[in-house]
Amino acid sequence: MISIPPKFDHIEIENKWYSFWIENKFFKSIPDSKDPYTIVIPPPNVTGLLHMGHMLNNTLQDILIRRARMMGKNACWVPGTDHASIATEAKVVENLKNKGINKSEISREEFLKHAWEWTEKYGGGILEQLKMLGCSCDWDRTKFTLDEDMYESVILAFEILYEKGLIYRGYRMINWDPEAKTTVSDEEVNYVEEESNLYHISYQVENSDQKLIIATTRPETIFGDTAICVNPKDKRYKSLIGQNVIVPICGRIIPIISDTYVDIEFGTGCLKVTPAHDINDYNLGIKHHLDSIDIFDDSANLNHHGLHYEGKNRFVVRNEIEDELKLNSLLVKKESYSHNVGRSERTNAIIEPKISKQWFLKMEEISKPAIDNVLQNENIKFFPNKFKSTYKYWLENIKDWNISRQLSWGHQIPVYYYDKDENYIVAKNKDEALHKLNKKGISVKESDLYQDNDVLDTWFSSWLWPISVFDGIRNPNNDEIKYYYPTQDLVTGPDIIFFWVARMIISGYEFRNKKPFSNVYFTGIVRDKLRRKMSKQLGNSPDAVKLIQEYGADSVRVGLMLSSAAGNDLLFDESLCKQGKNFTNKIWNALRLISGWEIDNKLNQSEVNKIGINWYENKFSFTLDHINENFEIYRISDVLMSIYKLIWDDYCSWLLEILKPEYGEKIDPKSKYQINELLIKNLKILHPFMPFLTEEIFSKISNDEKSIVISSWPKKTKYELKTINDFEITKEIISQIRNYRKDKSISFKTSINLFYVRNNRKLPNVEIIKKIALVNEIKESSKDKFNQVYSFIIKGFEFFIPLEENFDKEIELEKLNKDLNYNLGFLKSVESKLKNEKFIKNAPSNVIEIEKKKLIDTKQKIQSIKKSISDLN
RNA sequence: GGGCGCUUAGCUCAGUUGGUUUAGAGCACUUGGUUUACACCCAAGGGGUCGGGGGUUCGAAUCCCUCAGCGCCCACCA
C-alpha cells in the first residue's frame with residue numbers, strides 16, 4: 001500500500017513534473033513517420049505579461065496538443081514572441097524620456113540599442129509563465145519575430161512581393177498619430193463620441209456682396225481649404241456654382257464646386273473642402289482635381305501655410321482663430337455638437353488624417369484564395385462558424401494594405417534610395433543594393449545610398465508566422481516545412497481575424513499555395529462577472545501568476561474551460577477556479593480511498609462489484625464516444641463537463657460506493673485491479689485539462705507507462721445501451737428509497753425491506769440496490785398483504801415499502817394526489833394528440849408508437865396511484 | 001448609417017435537420033446528514049408561460065413575420 005498525503009500540494013508537484021517532462025524531452029518534435037499535428041502559438045508581445053486572455057487561449061492549445069500527442073500524432077507546438085513594434089517602441093520611448101533622453105535626438109542605432117536592452121530585460125517572461133500553466137510547447141523551437149532568420153524571411157517576402165509588382169509606393173490618406181509621430185492602421189483607431197463645436201464661418205464670394213456660410217468642426221483647417229462644395233440640387237446655391245470665394249484670414253481664392261456627396265440638410269449645406277486633412281475631402285479633391293495643401297507638421301502644429309499661427313498646435317489655433325474670426329465678424333454662429341473623434345489606440349492622441357508617401361501591398365488579387373477556401377469549399381473551417389460572415393465582408397471589401405510604419409523598432413524596409421527620395425532599389429542590404437544598381441548600369445557612391453527610414457507593420461511579419469517558423473520562406477523545400485505545413489489548428493481571438501487570421505491565410509496561399517491551417521478556433525474575450533472587459537484601468541484583471549499559485553495550474557485551467565464555448569465571451573470569476581480546485585480535491589481523495597483498500601487474495605469477486613464495474617466500463621465507453629465527437633467539433637467545455645460528471649458522479653459517487661468494502665473488510669484482487677485500471681482511463685481523458693494532477697496520480701498507480709504525457713488515449717470500445725439504461729433505473733430506485741428514509745426520518749443505517757409488484761421483466765441490479773440503499777430483501781409481493789405502504793413507480797416497476805409507524809395519512813394522500821394530477825394532465829395531452837386524426841395521418845409511425853407507449857404507461861401509473869389512494873381511504 | 005449575432009432556471013450556458021413523457025446541465029439556493037476518501041463532502045429538493053405578439057404545422061424553444069431589449073463588427077456626415 002502506498003501512502004498518499006492527505007492534501008494535494010500543487011506547487012511542489014507542478015514544479016516536479018514540469019522539470020521531468022522537459023528533461024525527458026516529451027514536448028520535443030522532429031519530423032518522423034507519424035502524422036504531424038501542429039499548432040503555432042499566436043505570438044504574444046515579447047515584453048508582455050500573461051493575462052487571462054493568454055491563459056484561456058494557451059490552455060486550449062495545450063489541451064488540443066496534449067490530446068493529439070496521446071492519440072499518437074507527432075505533436076508540435078511552436079512557441080514564440082512578437083516584437084510588437086508600436087507598443088514596444090512606445091514603451092522604450094517613454095522609458096528614455098524618463099531618463100531625459102529624447103528619441104529624436106539620438107541615432108537610429110542608439111535607439112535600437114536601447115530597444116534591445118529593454119527587450120532583453122523584460123522579454124520572454126511570458127514564456128516562463130506559460131510553463132507555469134503547464135503548456136507543452138517545443139521550447140527548442142522558440143522564435144522571436146526579430147530573430148535573424150525571421151528577419152531575413154520578412155525582408156525576402158517583401159522582395160518577392162515587390163518583384164511580383166504587388167508592392168508599391170503611393171500617396172494615401174493615412175491616420176497620423178501626432179504624438180507617436182507614426183501612421184496607425186485603420187484598425188488601430190478608436191472612434192469615440194465627444195462633445196465639440198460646430199462653427200459657422202462666413203466666406204465672401206469673389207466680386208460680389210454675397211456671402212457663403214459654411215459649418216465646420218475644425219476652423220483651424222481653413223488654411224488648407226481649396227474649394228467650397230454644395231449639392232448641385234440645392235436651390236440656395238445653384239447660381240453660385242462655378243464662382244469663387246475668398247478664404248477668410250488667408251485671402252486665398254477658391255472655387256465653388258458641386259457634388260451630391262454634400263448633404264443639403266446638414267449645417268448650412270455648404271462644405272469647405274480640405275483635401276489634405278479629411279478623408280472625404282481628399283476623395284472630393286481627387287474627383288474634382290483640387291489642390292491639396294498640407295498645413296501641419298509631424299506634431300500637428302501649423303506650418304508656414306498657417307501664416308501667423310505657424311508653429312502653434314492645432315487645438316491652440318482652433319481657439320485663437322475663433323477669436324480672430326469673431327473680431328472680424330466672420331464667425332456667424334458657434335453651436336455645441338457631438339460627433340465621433342478618432343483617437344490612436346496606443347497614445348490616445350486625436351488622429352490627424354494626412355496625406356503621406358507610404359508603402360502598400362496590393363490585396364485584391366492575392367486575397368482571392370482566402371475567400372474561396374474558407375467560404376466556398378471550407379478547406380479552412382471556423383469555429384464557431386459565425387465569424388465567417390465578418391471575414392467575408394472584410395475580404396470582399398479589402399483595401400490595399402499600408403505596410404510601412406514611421407518607427408525604428410521592427411523590420412526596416414529594404415528599400416535604398418540613391419536619388420533623393422525618388423529613385424530607389426529594393427535589396428536585402430546596402431551591398432546588394434549597390435550590386436543591383438551596378439548591374440543596371442547605374443553608378444552610385446555608397447555614401448549617397450541610404451535606406452528607407454520606416455519599418456514594416458508588425459503584422460507583415462506575423463502574417464508569415466506559420467511558414468517562417470519552419471523557415472519556409474528562405475528554404476521553401478526544407479524537410480521541416482514540408483512535414484509540418486499546413487498546420488492543423490489555430491487558436492486565437494476574433495479581434496484579430498483581419499489583422500492576423502485572414503492575412504495568414506492570404507500569405508499561405510501566396511507563398512506556399514496551401515492553407516496555413518485547417519481549423520481556426522476563436523476564443524471569446526475574457527470579461528469580469530459584470531461583463532466588463534478586463535483592463536488595467538478598472539483593475540478587474542486578476543493576476544494570472546497569483547491565481548496559479550493560489551489554486552494550482554490545473555484548477556485555473558479547469559476554471560477557464562468550464563464555461564467557454566468557442567466564440568463566447570468568458571465571464572471569469574475566481575469561484576470558477578475554486579470549482580476546479582474542488583475537483584482536484586475530489587480526484588485526489590478518490591485515489592486516497594482506493595489506495596487504502598487492502599487486498600485479500602482469497603476473496604473472489606462479488607456479484608455487486610462485477611455488476612458495478614461492468615456498468616462503469618459501459619458508461620465510460622459511451623461517454624468516451626461523446627467526448628471524442630465533441631473534440632472533433634471543438635466543444636471543449638462540453639468535453640470537460642462530460643469528464644467532470646463521469647468522474648465525480650459515476651466513478652466517485654456510484655462506482656466507488658459500490659466497491660467500497662464494509663468497514664474492516666478487504667477487497668478481492670480482481671476488483672482492485674479493475675478499479676485501478678478504470679482510474680487510469682479516467683486520468684488519461686482528463687490529462688489534457690489537468691496535466692499535473694493526472695501525472696502525479698498516474699505515476700503512483702500505473703506500472704506500464706513512463707508518463708501519462710506519452711501514454712495513449714483510451715481506445716474506442718463497444719458498449720451496451722441496455723446496461724447503461726438499466727443502471728439509470730437502479731439509480732432512480734435508490735433515490736426513491738433515500739427519499740422514503742428522509743420523509744419518514746428513518747436512519748440511513750437501518751436496513752429495510754423492499755417489495756415490488758409482479759412484472760414480466762426481471763429487476764436489474766438487485767445486488768446494487770441492496771448494498772447502496774441498505775435493503776435487506778427485495779421481493780415480489782402483492783400490496784394487499786399490507787395495510788399501508790409507501791409506493792413509487794419507475795419504468796413500469798411498482799415498488800412499495802410497508803409502513804408500520806410514522807404514518808401520516810394526510811401527507812401521504814397529498815403526495816399521491818399531486819402525483820395523480822400530474823399524470824392526469826399528462827394523459828390528457830397524450831390523448832389529445834392521439835385523438836387528433838391529422839396527427840395519426842401525418843406523424844411518422846415511430847412517433848405515434850412512442851405516444852401510444854406513453855398512453856399505456858401513464859394509464860397504468862394512474863391506475864396504480866388511484867388504487868393506492870383508495871387503499872388509504 | 002450598413003452588416004452579423006443574441007434573448008431558455010438566481011447566474012453562466014446546452015438544446016444538432018421541428019417529434020423519446022409537461023425543456024436539461026454546472027454553479028448558486030433550500031432542507032437533512034459527518035466516528036471508518038473528500039464539508040474543497042454526501043443525499044434529497046425547489047426553481048423556467050424558452051423576451052412580447054402574430055403566423056406556418058398534426059406538432060414550435062427549434063421555421064417565418066413583427067415589436068422590444070442587448071451585444072459585436074464595419075463605416076466615420078462637415
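Just so we're clear, the structure is a prediction, and the values are computed from it rather than from any experiment. Worth knowing before you read on, the calculation uses all heavy atoms, side chains too, and leaves out hydrogens, waters and symmetry mates.
- The side chain of Ser735(A) places an N or O atom within less than 4.0 Å of a non-bridging phosphate oxygen (OP1 or OP2) of rA44(B).
- A salt bridge is absent between Arg318(A) and Glu322(A); no separation between the charged side-chain nitrogens and carboxylate oxygens falls under 4.0 Å.
- A distance of 6.0 Å or more separates the ring centres of Phe387(A) and Phe382(A).
- Judged by atom type and distance alone, Glu657(A) reaches the base of rA37(B) through a side-chain donor-acceptor pair under 3.5 Å.
- Between the C1' atoms of rC72(B) and rU16(B), the separation comes to 25 Å (whole Å).
- On the C1' atoms, rG47(B) is 15 Å away from rU22(B), given to the nearest whole Å.
- When atom types are taken as modelled, the side chain of Trp588(A) and the backbone of Pro5(A) share a donor-acceptor pair closer than 3.5 angstrom.
- When the nucleotides rC42(B), rG26(B), rU22(B) are ranked by their closest atom to the side chain of Phe826(A), rU22(B) comes out on top.
- Nearest-nucleotide mapping onto RNA chain B: of Leu198(A) and Lys7(A), the residue sitting toward the 5' end is Lys7(A).
- Comparing atom distances between the Arg738(A) side chain and each of rC77(B), rA44(B), rC38(B) picks out rA44(B) as nearest.
- Using a 4.0 Å heavy-atom cutoff across all strands shown, Tyr822(A) reaches at least one base atom of the nucleic acid.
- Residues Asp650(A) and Lys731(A) are paired through a salt bridge, judged by an N-O separation under 4.0 Å between the basic side chain and the carboxylate.
- No N or O donor and acceptor, one from the side chain of Lys386(A) and one from the base of rC4(B), sit under 3.5 Å apart.
- Rounded to an integer number of Å, the gap from Glu574(A) CD to rC40(B) C1' is 15 Å.
- Among the atoms of the strands shown, base atoms are found under 4.0 Å from some heavy atom of Cys652(A).
- Per the geometry, CG belonging to Asp281(A) stands 13 Å off P belonging to rC76(B), to the nearest Å.
- For Arg592(A), counting side-chain heavy atoms from C-beta on, the closest listed nucleotide (rG26(B), rA44(B), rC38(B)) is rC38(B).
- Judged by distance alone, with hydrogens and angles left aside, Lys742(A) brings a side-chain donor or acceptor within reach of the base of rU31(B), the pair sitting under 3.5 Å.
- Rounded to an integer number of Å, the gap from CG of Leu571(A) to C1' of rG10(B) is 15 Å.
- A donor-acceptor pair shorter than 3.5 Å cannot be found between the side chains of Asn197(A) and Ser336(A).
- The shortest distance between the side-chain N/O atoms of His339(A) and the OP1/OP2 oxygens of rA78(B) is below 4.0 Å.
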From CA spacing to verdict: salt bridge (Lys or Arg N to Asp or Glu O under 4.0 Å), Glu851(A), Lys854(A):
CA-CA 5 Å; Glu851(A) 292 302 317; Lys854(A) 282 185 202 169; 2.7 Å; yes
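- In this structure, the nucleotide among rC41(B), rA44(B), rA78(B) sitting nearest to the side chain of Lys586(A) is rC41(B).
- Regarding contacts with the backbone of rG15(B), a side-chain N or O of Arg635(A) is found under 4.0 angstrom from either OP1 or OP2.
- Picking from rA78(B), rC13(B), rC41(B) the nucleotide with the shortest atom distance to the side chain of Asn568(A) gives rC13(B).
- Going from atom NZ of Lys835(A) over to atom P of rG59(B) covers 17 Å, rounded to whole Å.
- Among the duplex regions that RNA chain B forms, those built from at least three successive Watson-Crick or G-U pairs under 3.5 Å are B:1-7 with B:68-74, B:10-13 with B:24-27, B:29-33 with B:41-45, B:51-55 with B:63-67, ordered by first number.
- One finds a side-chain N or O of Trp648(A) lying less than 4.0 angstrom from the OP1 or OP2 phosphate oxygen of rC42(B).
- Contact check on Lys828(A) versus Glu831(A) returns no salt bridge, with no Lys/Arg side-chain nitrogen under 4.0 Å from an Asp/Glu carboxylate oxygen.
- Residue Asn589(A) places none of its side-chain N or O atoms closer than 4.0 Å to OP1 or OP2 of rC41(B).
- A distance of about 16 Å separates the P atoms of rC27(B) and rG45(B), rounded to the whole Å.
- The side chain of Ile279(A) lies closest to rC76(B) when the candidates are rC58(B), rA78(B), rC76(B).
- Note on Asn836(A): only backbone sugar-phosphate atoms sit closer than 4.0 angstrom, heavy atoms only; bases stay farther off.
- Among the candidates Lys859(A), Lys853(A), Lys861(A), the single residue satisfying the salt bridge (charged side-chain N to carboxylate O under 4.0 Å, His left out) test with Asp857(A) is Lys853(A).
- Whole-Å rounding puts the Phe498(A) CZ to rC4(B) P distance at 14 Å.
- The gap from the C1' atom of rU8(B) to that of rA61(B) amounts to 7 Å, rounded to the nearest Å.
- Comparing rA37(B), rC58(B), rG15(B) by their closest approach to the side chain of Leu593(A) singles out rA37(B).
- Atom CD of Gln863(A) has 12 or fewer neighbouring heavy atoms from other residues, nucleotides or ligands inside a 6.0 Å radius.
- Ranking rA78(B), rC4(B), rA37(B) by closeness to the Ser389(A) side chain, first place goes to rC4(B).
- Between rA68(B) and rU21(B), the two P atoms lie 38 Å apart (nearest whole Å).
- In this model, the phosphate group of rA43(B) is approached by a side-chain N or O of Ser653(A) to a distance below 4.0 Å at OP1 or OP2.
- Counting only heavy atoms from C-beta on, Asn585(A) has its side chain closest to rC38(B) among rG26(B), rC38(B), rC58(B).
- With distances taken from any side-chain atom of Asp638(A) to the nucleotides rA37(B), rU12(B), rA14(B), the minimum falls on rA14(B).
- Comparing Gln736(A) and Ile264(A) along RNA chain B, the residue whose closest nucleotide (by nearest heavy atom) sits nearer the 5' end is Gln736(A).
- In Lys381(A), the NZ atom is not crowded: 12 or fewer heavy atoms of neighbouring residues, nucleotides or ligands sit closer than 6.0 Å.
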